[in-house]
Undergrad: 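Once you've had a glance at the structure underneath, I'll fire off some questions.
Keep in mind it's a predicted model, so treat the numbers as computed, not measured.
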Amino acid sequence: EIAFIDFNFFYTPGVDVYVDNDIKGRTPELSSIKVNPGPHVVKFEAIGYETFQENKNFFEGQRWNPSIEDLNPKTSMESLKRSLIWPGRGQIYTFDINNTKRKTLGYIQMGLAGTGAAGLITSWLSFSKKEDIYNDAYAAYLEKTTPEDVNFYREKAREKHEEMVSTKNQGIFFTILTISVWTWSAIDAYYNFPYKGLLLGNDKYNFDFGLYAYQGRAQPTIKLNYKF
């Protein structure tokens, strides 16, 4: 005997239903699915909505209604939050068949952020060590009195200073790279959020900025909209 998945109370339209990664159909045309008894992974996906997945162990003759009535719409604030946690996560969050480039952009940003963060940490740790080495070399130079020793240790101190400055410049570069990628990803995640035109009802707050006509002149304007 088999089991059933029913969608009597599933309201979100256009949802693709998967059982163990095999697509079974789309709501609302899909009203019921037959499954063999045992454990299965049931997944629901729709453009503009967050994926919902549930692991379910079915028994013979069972009729199961999913525990979710509607999928949660994806939101620009959630996209922003994910990119603030780590660059690229907000872009991957908005990936679907209509926005395939979002995932590619997300992976690029994640890679750049990882490179920047690794370089930042390595460079500044190295700078701290080289600064100590330079300070020791400079102190040794100041202690010398004979012309030969002064010239020798002054050159040594100069070399250590150049190495220290070079490492510091690397640290500054990687710091700027990391901050730039983080900022780029956050701004892109919010302002290039691809679902704003779908009227999903996903954002109570919405910021918009641009040039708007006022008394016959274009002026930069920031708008805040709130949905009750």
Side-chain angles (χ1 to χ4, degrees), residues 50-51 53 72 74-96 99-196 202-211 220-224:
E50 295 180 358
T51 297
Q53 179 174 301
N72 294 321
K74 294 181 179 180
T75 69
S76 56
M77 290 304 297
E78 178 65 21
S79 180
L80 173 62
K81 182 178 72 174
R82 294 186 182 214
S83 279
L84 287 174
I85 294 174
W86 189 265
R89 293 187 68 230
Q91 285 68 26
I92 295 174
Y93 168 72
T94 56
F95 162 79
D96 57 40
N99 299 282
T100 56
K101 293 182 179 180
R102 300 296 291 169
K103 179 181 282 188
T104 302
L105 177 60
Y107 283 134
I108 290 174
Q109 292 176 343
M110 291 180 74
L112 288 173
T115 300
L120 182 155
I121 295 171
T122 303
S123 295
W124 287 115
L125 288 176
S126 179
F127 167 75
S128 179
K129 294 179 181 179
K130 290 183 181 296
E131 185 179 33
D132 291 338
I133 294 174
Y134 163 70
N135 289 334
D136 292 341
Y138 185 71
Y141 155 69
L142 293 178
E143 292 175 355
K144 303 307 173 183
T145 56
T146 64
E148 294 81 2
D149 287 344
V150 168
N151 291 333
F152 177 80
Y153 282 93
R154 179 173 57 198
E155 188 61 29
K156 284 292 184 181
R158 183 182 293 112
E159 291 176 1
K160 300 305 179 184
H161 181 266
E162 290 176 354
E163 293 177 2
M164 180 190 70
V165 171
S166 176
T167 305
K168 181 180 180 180
N169 290 336
Q170 291 179 14
I172 293 173
F173 169 78
F174 283 115
T175 300
I176 293 174
L177 173 63
T178 304
I179 294 174
S180 298
V181 173
W182 231 284
T183 303
W184 168 34
S185 180
I187 292 175
D188 174 81
Y190 186 83
Y191 287 105
N192 289 332
F193 183 73
Y195 307 115
K196 288 185 176 180
N202 53 334
D203 285 323
K204 286 187 175 181
Y205 297 95
N206 181 42
F207 291 92
D208 188 20
F209 68 92
L211 293 176
T221 306
I222 298 177
K223 290 184 176 182
L224 170 63

Undergrad: Just jot down the side chain to side chain contact (heavy atoms under 4.5 Å, CB included) partners of L142, sequence neighbours excluded, or say none.
TA: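 Here the qualifying residues are Y138.
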
Undergrad: Taking it one step at a time, do L112 and W184 satisfy side-chain contact (heavy atoms from CB on, under 4.5 Å)?
TA: CA-CA 11 Å; L112 288 173; W184 168 34; 4.0 Å; yes

Undergrad: Return the minimal non-hydrogen interatomic distance between S123 and Q170, and the atom names on each side.
TA: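 Shortest heavy-atom separation between S123 and Q170 comes out as OG-CB, 3.7 Å.
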
Undergrad: Is it the case that the side chain of W182 and the backbone of P87 share a donor-acceptor pair, with hydrogens and angles ignored and the cut-off at 3.5 Å?
TA: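 No.
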
Undergrad: May I have the step-by-step check of salt bridge (Lys or Arg N to Asp or Glu O under 4.0 Å) for E162 and R158, ending in yes or no?
TA: CA-CA 6 Å; E162 290 176 354; R158 183 182 293 112; 5.4 Å; no

Undergrad: Look up atom CD1 in I121 and atom CZ in F174, then write down how far apart they are to the nearest 0.5 Å.
TA: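 Interatomic distance, I121 CD1 to F174 CZ, rounded to 0.5 Å: 11.5 Å.
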
Undergrad: Should Y190 and M77 be marked as a side-chain contact (heavy atoms from CB on, under 4.5 Å) after you check the CA-CA gap, both sets of side-chain angles, and the distance that decides it?
TA: CA-CA 7 Å; Y190 186 83; M77 290 304 297; 3.6 Å; yes

Undergrad: Within the 4.5 Å heavy-atom criterion, are M110 and I92 side-chain neighbours or not?
TA: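 In contact.
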
Undergrad: Please test N99 against D96 for side-chain hydrogen bond (donor to acceptor under 3.5 Å, both in side chains), starting from the C-alpha separation and ending with a verdict.
TA: CA-CA 5 Å; N99 299 282; D96 57 40; 3.0 Å; yes

Undergrad: Please, which pairs that meet ring pair (Phe, Tyr, Trp, His ring centres under 6.0 Å) have at least one residue in residues 147-167, sequence neighbours excluded?
TA: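 Checked against ring pair (Phe, Tyr, Trp, His ring centres under 6.0 Å) - neighbours excluded - the pairs reaching residues 147-167 are Y134-H161.
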
Undergrad: Do you know which two heavy atoms are closest between G116 and T178, and how far apart they sit?
TA: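 It is C-OG1, 2.9 Å.
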
Undergrad: Output the distance between atom NZ (K103) and atom CD1 (I108), rounded to the nearest 0.5 Å.
TA: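 The distance works out to 13.5 Å.
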
Undergrad: Can you tell me how far apart OG (S76) and OH (Y195) are? Round to the nearest 0.5 Å.
TA: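 If I round to the nearest 0.5 Å, the distance is 12.0 Å.
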
Undergrad: Report the residue from R82, Q109, R89 that forms a side-chain hydrogen bond (donor to acceptor under 3.5 Å, both in side chains) with S185.
TA: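 When side-chain hydrogen bond (donor to acceptor under 3.5 Å, both in side chains) is applied between S185 and each of R82, Q109, R89, only Q109 qualifies.
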
Undergrad: May I ask you to establish whether K74 and Y93 are in a cation-pi arrangement, using a distance under 6.0 Å from NZ or CZ to the six-membered ring centre and at most 45° from the ring axis?
TA: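 Ring-cation test returns yes.
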
Undergrad: Once salt bridge (charged side-chain N to carboxylate O under 4.0 Å, His left out) is applied, do any residues pair with D188, and if so which ones, sequence neighbours excluded?
TA: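 So D188 forms a salt bridge (charged side-chain N to carboxylate O under 4.0 Å, His left out) with R102.
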
Undergrad: What do the steps show when you test T104 against T100 for side-chain contact (heavy atoms from CB on, under 4.5 Å), and what is the final call?
TA: CA-CA 7 Å; T104 302; T100 56; over 6 Å; no

Undergrad: Write down the atom of I172, the atom of W124, and the distance for their closest heavy-atom approach.
TA: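 Smallest heavy-atom distance, with atoms named: N-CZ2, 3.7 Å.
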
Undergrad: Quick one: does any side-chain atom of S79 pair with a main-chain N or O of G90 as donor and acceptor, under 3.5 Å?
TA: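 Flag set: sc S79 to bb G90 pair under 3.5 Å.
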
Undergrad: For F127, run the side chain to side chain contact (heavy atoms under 4.5 Å, CB included) check against K129, E131, K130 and tell me which one passes.
TA: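 Among K129, E131, K130, the one that satisfies the side chain to side chain contact (heavy atoms under 4.5 Å, CB included) with F127 is E131.
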
Undergrad: Measure the OG1-CG distance between T115 and L120 for me, rounded to the nearest 0.5 Å.
TA: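 Interatomic distance, T115 OG1 to L120 CG, rounded to 0.5 Å: 12.0 Å.
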
